[in-house]
Amino acid sequence: MERGSPSRARSNSGGSPTRARSNSSGSNFGRQNSEVPRLLALLADPSASVRVQAARQIKNAVIGSRARKSEFIDAGAVNRLVNALGDVDGDVRLQAASALGSFAHGSREHARAVSSEGVVRGLSLCLSDASPPVVEAAVRSLKIIFSHSQAKVAHMFGAEDTHHQQRPILKVVTLLSEKEAVAESAASLLSSCYKHAPSIMAQQKYCENAIVHAVLSLLEASPPSKITLAVLDLLVQLTSTSESVCYTLLELWNRPLNAMDTSPPPAHSESSVTSAGATASSGMQTAAASVSAGPPTLHKIFQSFLSSSFPTARIAIAACLANMSKASGQRVLKHKDEILFQALMVLVKMLKEAQEPVHQSEALFVLAGLLQSNDTLQRRLYDLKVIRQITSMLSSDTESDDASKTTLAALTAIAALCDSREENRREVIESDGAKHIVAQLKSPRVSYRLAAAQCVHSLSRSVKNLRTALLDAGVVSPVLDLVGDPDMDVRVAASAALCNLVLEFTPMKQAVTSSGGIAKLVELVHHENASLRLNGVWALKNLVFETRSTDAARIKSAILESLPLPILVTLMDDSDVAVQEQATALLRNLVYGGAEAVTNVYACLDADTTASLLANKIAAWKMHPHGTELVSQALYVVCNLAAGTEIHKDALLHSRLMPCIVAGLESARTSWIVPSLLCVSNLVWKDDSGSHARLHELQQSGVVTRVGELVLHPDIDVRNRAKAVEHQFRALLNM
């Protein structure tokens, strides 16, 4: 933290002279404003040497000067340089291509000015230029342009080189086999395309095979260097975007790399691409030859990079392994656990030994991907005793860029490592992580609020005593604020966290309700986003679940006041099945609590309407492949209605719901049988005066016989409940 201040002081101190020189330089240039149109006009001079000199001067004039870039752009320099890309003289094309790349350096405004379709297509055509220096300049400028997210990747696919009948993106792939500087630019360009437009790139299956082959050839041929680091970054983007690439790599894991089919696609304009190595320099030809001769397996290549002295290489391979493990599906990665554990160990070692904060933060981001939904690795991380160190990174000085990125990375990692392991959550809480996480919920930056909300979501799955730490850290108010956050992802994460926070935890319920939480959750159920509707209903359901009798009536009344039952009925018919399930479960909890709760619900929605609603729901979904849980929740609502007054019970016995109970008892689904047995139990409760008469009607309908059969059911829960109901029958008959 102490080193951050002098660094900023030096930056500020060094900034002033730079700005002063820039202004002074700009002033001098201002006296030469007439030179700008003159230089642009010279790009069309009949003399090739004059055109070359003009393009070179423009390039040199804008290097390092935002003011000059703006001046030239305003004067129409970009279009003039694009036209110069088609000049008959190779040196003019070279200087024009280089100048366009110079314009892309600097502010987002300048990058946007040279990311138009015309610029991209003009430079793309230069990728097939007969002059190698022009090709190198063009791919380097495209790399710079596409490193900014403003560039539209689609521009790389619409145009074709009419001379070579090849789409620009395919030409970029072949450049992976050129000399190192060109290959590095090509790899970086492709990586940016996958990073900024994964959905578009995922559709380009016709070039994936060639990219993978070229990447593996380069990795096998070269020790870690600038080119291999660019190629590794490309491989990370490929594996995070394309499952087919992951499957290809999985197939090659323990097989020689020449086992991959590297034959070129059919030779027509859209799919024609030479195999990687066809235009290779001597170094790359050697690599291609070694592939055909039977090179090491992908497994061995990855292992060599994991033990590399280059931190970036180790992080990239760990990221690839994380992506491949998620996409593997039915294709089991041989020795998957051991390989992923090796990647885990590499990342943990980097956390402990990294000299640069940027390597720590990158390792944390990759670690988060590795741990996500992987219970085994989450458990192993606990054994490695590194969770406290990760938690300590939350308290970094977030005013410096490096420390700020480390904090974000730590939040992301904690959200993943606390996903399923209670001991991991305890370690974070006991390391005083709660207060730092809650503080980040109030961050002005969206990514930090999102990561912090995801942390709260993971930690909120803890047992009650750990959730107390979140309550003590003041989590309620900022999480409720985030439910109305401008960013949709933040709202979804915060509302998901609330679902867990209020479950079976009276102090948290009280804090949420007293802070206006019910009204905010009800707002969510009206939202067009299905995830927000789902989380809103889910949180309301949990809010009334097992609420103490002293609070139950108050909370239920507040919910019914804010969310009238007719609206809840609408949610029970939502377009999203999950919302329907949770809305039905909310009604189940609202009606739970005996005669008083049933009476309160019937006061808002009469008994006949309620019965028809539930009967129709059960009938509509009992044959649906995704209706099992929905029917189960509806039967539990019926079960709770059967705990009402004598009038309520008699009305239910003679309603459309009784055939639903009988069908539930006769079902093969345990989740339907159990609530149906509970319905019967409530109808013949021994303390009720009308139970004997209702038992007689149940005998007439065959229910008593069916309960006797269920005593022998293979499921122990069904057997025990059936025995309890049968005991109730005998007790009534003996009265």
Side-chain angles (χ1 to χ4, degrees), residues 513 518 521-522 525 537 540-574 579-621 630-664 675-685 687-691 693-695 697-698:
T513 55
I518 290 177
L521 292 173
V522 169
V525 306
V537 177
L540 289 169
K541 177 201 77 172
N542 287 349
L543 199 57
V544 295
F545 176 71
E546 290 192 359
T547 305
R548 292 187 312 187
S549 57
T550 54
D551 298 318
R554 175 180 60 82
I555 293 177
K556 289 179 181 179
S557 176
I559 290 176
L560 289 173
E561 184 177 341
S562 301
L563 183 68
L565 278 182
I567 296 179
L568 179 57
V569 170
T570 302
L571 290 168
M572 292 172 63
D573 198 30
D574 193 89
V579 175
Q580 290 192 41
E581 290 176 6
Q582 294 305 318
T584 307
L586 172 56
L587 179 59
R588 166 188 173 180
N589 288 353
L590 287 171
V591 82
Y592 174 81
E596 182 181 358
V598 176
T599 300
N600 290 338
V601 169
Y602 279 160
C604 303
L605 200 68
D606 65 80
D608 289 340
T609 303
T610 303
S612 296
L613 167 71
L614 293 170
N616 291 339
K617 179 68 64 180
I618 293 170
W621 285 92
L630 187 53
V631 171
S632 176
Q633 291 296 340
L635 287 171
Y636 274 110
V637 176
V638 178
C639 164
N640 290 341
L641 291 173
T645 65
E646 290 288 316
I647 295 175
H648 298 152
K649 294 182 181 188
D650 288 340
L652 190 153
L653 188 65
H654 299 99
S655 73
R656 292 177 57 196
L657 290 175
M658 198 58 218
C660 296
I661 297 173
V662 174
S676 300
L677 283 169
L678 292 173
C679 289
V680 176
S681 175
N682 286 337
L683 290 174
V684 295
W685 200 252
D687 296 331
D688 295 339
S689 59
S691 291
R694 287 191 290 273
L695 174 58
E697 292 196 44
L698 292 176

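These numbers come from a predicted model, not from an experiment. The chain is numbered in sequence order, starting from 1. Side-chain atoms are counted along with the backbone in the values below, which use heavy atoms only and exclude waters and symmetry mates.
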Original post:
Who pairs with Asp608 by side chain to side chain contact (heavy atoms under 4.5 Å, CB included), at least two apart in sequence or on another chain?
Top reply: Asp606

**OP:** Applying salt bridge (Lys or Arg N to Asp or Glu O under 4.0 Å), name anything that partners Lys617, two or more places apart in sequence or on another chain.
**Re:** none

Subject >> Results of side chain to side chain contact (heavy atoms under 4.5 Å, CB included) for Thr610 - residues two or more places apart only >> reply: Tyr602, Leu605, Leu614, Leu641

Original post:
For Glu596, what residues pass the side-chain hydrogen bond (donor to acceptor under 3.5 Å, both in side chains) criterion, not counting sequence neighbours?
Top reply: none

Subject >> Euclidean distance, Leu652 CG relative to Leu683 CG, rounded to 0.5 Å >> reply: 6.0 Å

Original post:
Any side-chain heavy-atom pair from Asp551 and Thr513 closer than 4.5 angstrom?
Top reply: no

**OP:** Find the distance between CG (Asn589) and CD1 (Ile555) and round it off to the nearest 0.5 Å.
**Re:** 11.5 Å

Original post:
Which heavy atom of Ser676 sits nearest a heavy atom of Gly664, and at what distance?
Top reply: OG-CA, 3.3 Å

**OP:** Quick one: pull up CG in Leu590 and CG in Leu543 and give me the separation to the nearest 0.5 Å.
**Re:** 10.0 Å

Original post:
Residues two or more places apart in sequence or in another chain: which of them pass salt bridge (Lys or Arg N to Asp or Glu O under 4.0 Å) with Glu646?
Top reply: Arg694

Subject >> Set of ring-ring contact (aromatic ring centres under 6.0 Å, His included) partners for Tyr592, sequence neighbours left out >> reply: none

Original post:
Which residues satisfy the side-chain hydrogen bond (donor to acceptor under 3.5 Å, both in side chains) test with Ser681, sequence neighbours excluded?
Top reply: Gln728

Subject >> Closest non-hydrogen atom pair between Ile518 and Ser562, with its separation >> reply: CG2-OG, 4.1 Å

Original post:
Considering only heavy atoms from C-beta outward, does the side chain of Val522 approach that of Ile559 to under 4.5 Å?
Top reply: no

**OP:** Kindly compute the distance separating CG (Leu565) from OG1 (Thr570), expressed to the nearest 0.5 Å.
**Re:** 10.5 Å

**OP:** Under the side chain to side chain contact (heavy atoms under 4.5 Å, CB included) rule, collect the residues that match up with Leu678, sequence neighbours excluded.
**Re:** Tyr636, Cys639, Val674, Arg721

Original post:
For Thr645, which residues count as a side-chain hydrogen bond (donor to acceptor under 3.5 Å, both in side chains) partner, sequence neighbours excluded?
Top reply: His648

Original post:
Are Leu587 and Val601 close enough that some pair of their side-chain heavy atoms sits under 4.5 Å apart?
Top reply: yes

**OP:** For Ala615, check side chain to side chain contact (heavy atoms under 4.5 Å, CB included) against everything at least two apart and list the hits.
**Re:** Arg656, Leu657, Cys660

Original post:
Do the side chains of Leu698 and Leu653 get nearer than 4.5 Å, heavy atoms only?
Top reply: yes

Original post:
Got a second to check how far Gln580's CD is from Leu571's CG, nearest 0.5 Å?
Top reply: 9.5 Å

Original post:
Considering the options Leu630, Val637, Thr584, which one meets the side chain to side chain contact (heavy atoms under 4.5 Å, CB included) requirement together with Met572?
Top reply: Thr584

**OP:** Answer yes or no: is there a side-chain heavy-atom contact under 4.5 Å between Asn600 and Lys556?
**Re:** no

Subject >> Separation of Asp688 CG from Asn682 CG (nearest 0.5 Å) >> reply: 9.0 Å

Original post:
How about Ile647: does its CD1 atom have over 12 heavy atoms from other parts shown lying under 6.0 Å from it?
Top reply: no

**OP:** Name all residues meeting the side-chain hydrogen bond (donor to acceptor under 3.5 Å, both in side chains) criterion together with Gln633; count only those two or more places apart in sequence or in a different chain, and write none if there are none.
**Re:** Arg588, Glu629

